[in-house]
Q: 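I have a structure I would like to understand better, so I am pasting it below and will then ask my questions one at a time.
Model, not experiment: these values are computed from the prediction. Start at 1 with the first residue, then count along the sequence.
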Amino acid sequence: MTEEKGSTFGRFRSLLGSKGDERARPSARPLGDQESQHALDLMRDYERSGIGWFWSSDSEGRITYLSDCIAQKMGVAPEELLGRPVQSLFVLDRDEDDTIERTLPLIFSARKTFVELPVRAALEEHELWWSISGRPQFGADGAFAGYHGNGIDITATRQNQKDASRLAQYDSLTGLANRHRMGKRLNATLTAYKASKRACAVMMIDLDRFKQVNDTLGHPAGDELLKQVAQRLQRVVTDKGCEIGRLGGDEFQIMLPDIDDRGRLGEIAKTIITMVSQPYQIEGSRCVIGASVGIAIAPYDGIASEDVVRSADLALYASKGGGRGQFRFYSSDLHSEAERRRQIEEDLRDALAKGQMRVVYQPIVSTATNKVVTLEAFTRWEHPDMGDVPPSVFIPIAEECNLIGALGDWVLKQACVDAAQWPGSVKVAVNVSAAQFTNPGFASSVAQALAHSELAPERLELELTESIFLGDESATQEMFAQLKMLGLRLALDDFGTGYSSLGYLQHAPFDKIKIDKGFIRGVTQKESRNSAIIAAIVSLANALDMDTTAEGIEAHDELEAMRRLGVKQIQGYIYSAAVSFEEVCEAMLSGDWVIEPSGPSHYRPERRTVLRKVGLIHEDHRYEATMRNLSRTGCMVEGLLDVPVGTMFVVDFGEGQLSVARVRRSAGAMQGLEFEVPLVDDGAGGLCTRNRVSPYVLAQAGMPLAALPAGQYPMQLMQQPGMALSLPKFGQIEPKGKGIRAA
């Protein structure tokens, strides 16, 4: 009996599949009829139990036997499955990180035993997972006769594994990839892309003002907000292969394979910032946050994943330092910029006490009379070592360091004292931060400033942005009531850049709307819709008995457009930049201050005045030149003599940025160049090239493979070995008037 059991067990081992080569094993003892029937009964009981099932195939891989339970689960008659290729029933399960290219035809063609191979049923309606084993069969002549095998259902086990794997790789709150998965995927991607010389961009995203939502509405509201942010990011980033992750808190990361076009990346970043900044409905409350984005691209900004992430982090840090709601590309000078920002943060704490701060005033002029009606107060910081630090740099730092309240209160008091000394009824406008406005004692501070300066309340105008509405609605309305009781004026600044300004106007007692300069740019162009938008704003303000001010007017055609559209007040360089208190007093000595507009006749895209060295490459030679100004479409350079119009150059801006340009104007040592491909925004108010020289190209030319170094690259890297050199065609002026030399 023991021998019979052994024989039956041997037959089952053949059916179930086992390791080893059938040809290398001795043949089992033939079974008698009774034993065969007993083995068959056992096999059928095993199939009916649902524990497992059997299959077999012929030498060509077609199904010759399949347990009925499998046909039932697949929803077909058993006879319909006979004759089908085995691989048509199963889909091989492959882990996304599996780098081994395995396919079922390849496995079956090897004619070797395989054990516990996980496969998925070839069904679209629902998922069934099996673990199959198979053992090759050979005839007496050694010819391959097919496979015998078995399978077991592992659907429940597989689902548990997937759930556990998802918990380990995905953020339980948002469903996005977590830090572990993002790091693993980025590392694997960059390793593979290094071998294939491909690019991959990384974006780091940090939410602005998220802490305020948590503090005012509670952590459950913050969690709901993070879920909605994740959904918006998924709507923006839809490219195949891209992955979005939440690294923790309010920090997100996006991996964008095969994208190195900085123009396209900048547009994606702008869309993300716009989408994330739209209002949210959380438990019946309206929330508005923002986003800052840092971008780095492999291999330009790093080869290894940790280097690229570090570069993206540094770019994010710079974008937050630049005023938030911005994006920045990584560049090598961000290291020194980060150190400079740290120093500014330290020195800002003592700037007020040391008397380094001052207030300047920009006129706001009546459109009809050119008479100054209001002066807006701006803060200036004269750093003893760094010189004038722009407000765009130190104001965001003051907000992060909780210094904005003290700084804002000082500006308010100083502006009231100064305005009280001006003759006539000219008003003073002071910007108020959300931190000041939400302080319960803010109205008392304003009252004290007015009392101390003896300034008439109606001459004080507080400029507020929509950020003040992020706090408690009842507290906001109470603050409005207290301020209006003082008799001062309120203005809504940057109108049109938010998403619910009309709702604010319905409840907030504003006296003025300031039209953001973003609507002014391009207003004189025929295809622009800005004129219609401004006309609607003016009509709305008139209906609500509010004044309107247009910001950022620089050219006469813009001024005429504002007059035609009915804007009541103008602020911009066409009248005056911000001036000191002493200059204001001098201008008002004779009474009314009337300013005649002065500026270009037509608005043109801004040409940034710069003084920097660039390389001009022509044929086999590189010339050094000074770039005087820069726009998207061209630049003015100085340094080469008598260059003919039409000459082609490659402009080397440094850090791998090369741009083909044609000489459009030439006079002596000055040339106006037009770029073949326009430059794009760099996120910091500057311009950059869409693409850069790949480190892989530089490595082929002899440089070590590494992230792009700072500065420009030697000419020999761009020349082919053994190439005949030509003579230089242009003379070059030495810097600082040292004469002329051949290049």
Q: Is a donor from one side chain sitting under 3.5 angstrom from an acceptor on the other, for S580 and E583?
A: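 Per modelled atom types, S580 and E583 side chains form a pair under 3.5 Å.
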Q: Any side-chain to backbone donor/acceptor pair from R459 onto A419? Under 3.5 Å, distance only.
A: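 Yes, the answer is positive, given that a donor and an acceptor are paired below the 3.5 Å cut-off.
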Q: Does the separation of the ring centres of F510 and F480 fall below 6.0 angstrom?
A: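 Yes, close enough.
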Q: Report yes if the side chains of M357 and T379 come closer than 4.5 Å at any heavy-atom pair, otherwise no.
A: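 In contact.
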Q: With a 3.5 Å cut-off and no angle check, do the side chains of E224 and Q228 form a donor-acceptor pair?
A: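 Yes, side-chain donor-acceptor contact under 3.5 Å.
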Q: Hey, does the side chain of D681 reach the backbone of G683 with a donor-acceptor pair shorter than 3.5 angstrom?
A: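 Absent.
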Q: Should L247 and F252 count as side-chain neighbours, where that means a heavy-atom distance under 4.5 Å?
A: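 A side-chain contact is absent here, since even the closest heavy-atom pair is not under 4.5 Å.
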Q: Less than 6.0 angstrom from the centroid, inside 45 degrees of the normal: does R328 satisfy that with respect to the ring of Y317?
A: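 No, R328 does not lie over the aromatic ring of Y317.
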Q: In residues 565-575, what donor-acceptor pairs under 3.5 Å come from side-chain atoms, sequence neighbours left out?
A:
from : atom 1 : to   : atom 2 : distance (Å)
Q569 : OE1    : K512 : NZ     : 2.9
Q569 : OE1    : T549 : OG1    : 3.0
Q571 : OE1    : K514 : NZ     : 2.8
Q571 : NE2    : Q362 : OE1    : 3.1
Q571 : NE2    : E376 : OE1    : 2.7
Y575 : OH     : N370 : OD1    : 2.5

Q: Give, for atom CG of N439 and atom OG of S445, the distance between the pair rounded to the nearest 0.5 Å.
A: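 Those atoms lie 6.5 Å apart.
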Q: Would you call L316 and E251 a side-chain contact if the rule is heavy atoms closer than 4.5 Å?
A: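 Yes, side chains in contact.
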Q: Closest approach of A377 and N431, non-hydrogen atoms and distance?
A: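 That closest heavy-atom pairing would be O-ND2, 3.8 Å.
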Q: Can you confirm whether L460 sits close enough to L450 that some side-chain heavy atom of one is under 4.5 Å from a side-chain heavy atom of the other?
A: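 L460 reaches L450 side chain to side chain.
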Q: Rounded to the nearest 0.5 Å, what separation is found between the CZ atom of F329 and the CZ atom of R262?
A: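 So the gap between those two atoms works out to 6.5 Å.
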Q: Is there side-chain contact between T274 and I272, with at least one heavy-atom pair below 4.5 Å?
A: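 The answer is no; the side chains never approach within 4.5 Å.
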